[in-house]
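For reference, the structure discussed in these notes is given below.
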Amino acid sequence: WGRGRPVLKVMLTDRQTGEALAEWLQKFGGQVEAARVQQFYEKHPGSRECMGGLSDFVSRCSDLVKLERRGTVPWLVLADLASAKCEDSPRSSLASDASLCTTPGETVA
């Protein structure tokens, strides 16, 4: 359904993606091995494109999430949400590809 008609998709911001990631982390006690972020990407289509590299995203949203190295294993850890501040601009404004942050199969009108 909707075949052939463009679908208007609101671009995800770092803030929206960061909040979704924080909610996901809470389900695992606030921390997971960074390699498990693939599960987050699968449950949140478009999040990988919006986040870009995990390290870069974490630096942009350091008050929501952080990376910690435990031995040789990086962990994604929930930061204190009481002081959550995150850049609230669509990643697509920083990138040249306007299709970033859309669900596969959708087009931006």
Side-chain angles (χ1 to χ4, degrees):
W1 100 287
R3 183 180 250 180
R5 292 184 292 178
V7 176
L8 182 59
K9 178 71 175 174
V10 175
M11 298 303 212
L12 296 175
T13 63
D14 284 347
R15 177 77 179 178
Q16 292 167 323
T17 304
E19 288 174 352
L21 181 61
E23 283 182 36
W24 180 78
L25 280 172
Q26 287 176 339
K27 294 176 184 178
F28 299 97
Q31 57 188 352
V32 297
E33 288 186 32
R36 290 185 61 192
V37 78
Q38 180 65 35
Q39 295 171 2
F40 173 77
Y41 296 148
E42 291 169 4
K43 292 192 179 285
H44 297 85
S47 60
R48 180 190 308 247
E49 293 83 4
C50 292
M51 290 170 67
L54 187 57
S55 294
D56 290 338
F57 180 77
V58 168
S59 70
R60 294 192 311 269
C61 294
S62 60
D63 289 343
L64 287 172
V65 294
K66 59 185 177 178
L67 280 174
E68 290 182 356
R69 185 158 298 279
R70 297 178 184 172
T72 60
V73 179
W75 282 71
L76 190 58
V77 180
L78 187 61
D80 180 7
L81 294 178
S83 63
K85 300 260 188 237
C86 184
E87 184 179 314
D88 199 16
S89 61
R91 176 166 166 71
S92 62
S93 67
L94 304 173
S96 60
D97 184 354
S99 68
L100 288 178
C101 303
T102 59
T103 303
E106 293 182 328
T107 58
V108 178

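We count residues from 1, following the sequence as given.
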Review point. If you take all heavy atoms of Arg69 and Pro74, which pair is closest and at what distance?
Key: NH1-CD, 3.8 Å
Check your understanding: Atom CG in Leu25, atom NZ in Lys66: separation rounded to 0.5 Å?
Key -> 11.5 Å
Practice item. Say whether Leu54 and Trp24 are linked into one hydrophobic cluster, either directly or through other cluster members, by side-chain heavy-atom distances under 4.5 angstrom. Key: yes
Review point. Less than 4.5 Å apart, any side-chain heavy atom of Lys27 and any of Glu23?
Key: no
Point to revise | Nearest-0.5 Å distance, OG of residue Ser55 to CZ of residue Arg60 | key: 11.0 Å
Check your understanding: Does Leu67 share a hydrophobic cluster with Phe28, counting links as ILVMFWY side-chain heavy atoms below 4.5 Å and allowing steps through other members?
Key -> yes
Point to revise | Salt bridge present between Arg15 and Glu19 (N-O < 4.0 angstrom) | key: yes
Practice item. Taking all non-hydrogen atoms of both residues into account, name the closest pair between Ala79 and Ser62 and its distance. Key: CB-O, 3.8 Å
Review point. Within a strict 4.5 Å, meaning less than it, do heavy atoms of the Phe57 and Thr17 side chains meet?
Key: yes
Review point. Would you call Val37 and Val32 a side-chain contact if the rule is heavy atoms closer than 4.5 Å?
Key: no
Check your understanding: Would you say the side-chain atoms of Arg70 and Gln31 include a donor-acceptor pair closer than 3.5 Å?
Key -> yes
Study note, to complete from the structure: When rounded to the nearest 0.5 Å, the distance separating OG of Ser47 from CG of Leu21 is 8.0 Å
Point to revise | Val73 reachable from Val77 in the ILVMFWY side-chain graph, under 4.5 Å edges | key: yes
Point to revise | Beyond-backbone contact of Leu76 with Val58, side-chain heavy atoms, under 4.5 angstrom | key: yes
**Study point:** Met51 vs Tyr41 side-chain heavy atoms within contact, under 4.5 Å
**Key:** yes
